[in-house]
Amino acid sequence: MFKGQYNHSVDAKGRIIMPAKYREILGEEFVVTKGLDNCLFVYSNDEWENIENKFQEIPSADKAARKFMRFFFAGAADCEVDRQGRVLIPPKLREYAGLQKEVVLAGVRNRIEIWDAERWQENEFDDVDEIAEHMAELGLMI
């Protein structure tokens, strides 16, 4: 289970430091793909396999499902951590997420989200009370 928020920088080669707490769960190799809201999703290999299995159950005749699968799987890349705890984010993924210099890594249950720091700030949680009401309607009470 991933949780917490870490701020880091993208170096000149497109690498970011993967926090040690996240590396303990991810292992040395994992998958990075396009996420929703123009961020990147990072999954452990085990979680990625679970996702692949879930997609096996979705009928390929469904046009929206095919479109989402293309977005999600074609954007995916196998990544690994180097000896300094850094991971190279492929250029296409950096471009998709608009990763500039400063990034935010946020633990979100079964994945890590990588955000450009400015985009993260734009998505501030000023409407969290409204969202909490919606979550309560879905049955989530905290």
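What you see below is based on every heavy atom in this structure, not just the backbone, and it leaves out hydrogens, waters and symmetry mates. Residues: numbered from 1 along the sequence shown.
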Scan the side chains in residues 74-93 for donor-acceptor partners under 3.5 Å anywhere in the protein, sequence neighbours excluded, and list what turns up.
residue: Asp82; atom: OD1; partner: Gln84; partner atom: N; Å: 2.9
residue: Asp82; atom: OD1; partner: Gly85; partner atom: N; Å: 3.1
residue: Asp82; atom: OD1; partner: Arg86; partner atom: N; Å: 2.8
residue: Asp82; atom: OD2; partner: Arg86; partner atom: NE; Å: 2.8
residue: Asp82; atom: OD2; partner: Arg86; partner atom: NH2; Å: 2.9
residue: Gln84; atom: OE1; partner: Arg86; partner atom: NH2; Å: 2.9

For residues 37-46, which side-chain N or O atoms pair as donor and acceptor with protein atoms under 3.5 Å away, sequence neighbours left out?
residue: Asn38; atom: ND2; partner: Tyr96; partner atom: O; Å: 3.4
residue: Ser44; atom: OG; partner: Glu47; partner atom: N; Å: 3.1
residue: Asn45; atom: ND2; partner: Glu29; partner atom: O; Å: 3.3

Could you list the donor-acceptor pairs under 3.5 angstrom formed by side chains in residues 9-16, with sequence neighbours left out?
residue: Ser9; atom: OG; partner: Glu102; partner atom: OE1; Å: 3.2
residue: Ser9; atom: OG; partner: Glu102; partner atom: OE2; Å: 3.0
residue: Asp11; atom: OD1; partner: Lys13; partner atom: N; Å: 2.9
residue: Asp11; atom: OD1; partner: Gly14; partner atom: N; Å: 3.0
residue: Asp11; atom: OD1; partner: Arg15; partner atom: N; Å: 2.8
residue: Asp11; atom: OD2; partner: Arg15; partner atom: NE; Å: 2.7
residue: Asp11; atom: OD2; partner: Arg15; partner atom: NH2; Å: 2.9

Donor-acceptor pairs under 3.5 angstrom involving side-chain atoms of residues 61-72: please list them, not counting sequence neighbours.
residue: Asp62; atom: OD1; partner: Ala64; partner atom: N; Å: 3.1
residue: Asp62; atom: OD1; partner: Ala65; partner atom: N; Å: 2.8
residue: Arg66; atom: NH1; partner: Ser60; partner atom: O; Å: 3.0
residue: Arg66; atom: NH1; partner: Ala61; partner atom: O; Å: 3.1

With a 3.5 Å cut-off and sequence neighbours excluded, list the donor-acceptor pairs that the side chains of residues 19-26 form with protein atoms.
residue: Tyr22; atom: OH; partner: Lys3; partner atom: O; Å: 3.3
residue: Tyr22; atom: OH; partner: Gly4; partner atom: O; Å: 2.8
residue: Tyr22; atom: OH; partner: Gly107; partner atom: N; Å: 2.8
residue: Arg23; atom: NH1; partner: Met18; partner atom: O; Å: 2.4

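For Glu49, there are no side chain to side chain donor-acceptor pair (under 3.5 Å) partners, not counting sequence neighbours. Applying the side-chain contact (heavy atoms from CB on, under 4.5 Å) rule to Glu52 yields the partners Trp48, Phe73; only residues at least two apart in sequence or on another chain are considered.
In this structure, Ile112 is a member of the same hydrophobic cluster as Val32, with clusters built from ILVMFWY side-chain heavy atoms closer than 4.5 Å. Note on Leu36 and Ile58: same hydrophobic cluster, where clusters join Ile, Leu, Val, Met, Phe, Trp and Tyr whose side-chain heavy atoms are under 4.5 Å apart, directly or indirectly. There is a path of hydrophobic side-chain contacts, each under 4.5 Å, that joins Tyr6 to Ile114.
Rounding to the nearest 0.5 angstrom, the gap separating the CG atom in Leu105 from the CZ atom in Phe2 is 11.0 Å.
For Glu113 and Trp115, the side-chain atoms include at least one donor-acceptor pair closer than 3.5 Å.
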For a side-chain contact (heavy atoms from CB on, under 4.5 Å) check, start with the C-alpha distance between Gln100 and Glu118, then their side-chain angles and the critical distance, and finish with the verdict. CA-CA 9 Å; Gln100 299 298 317; Glu118 283 186 30; over 6 Å; no
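When all heavy atoms of Asp116 and Leu99 are compared, the closest pair comes out as N-CD2, 3.4 Å.
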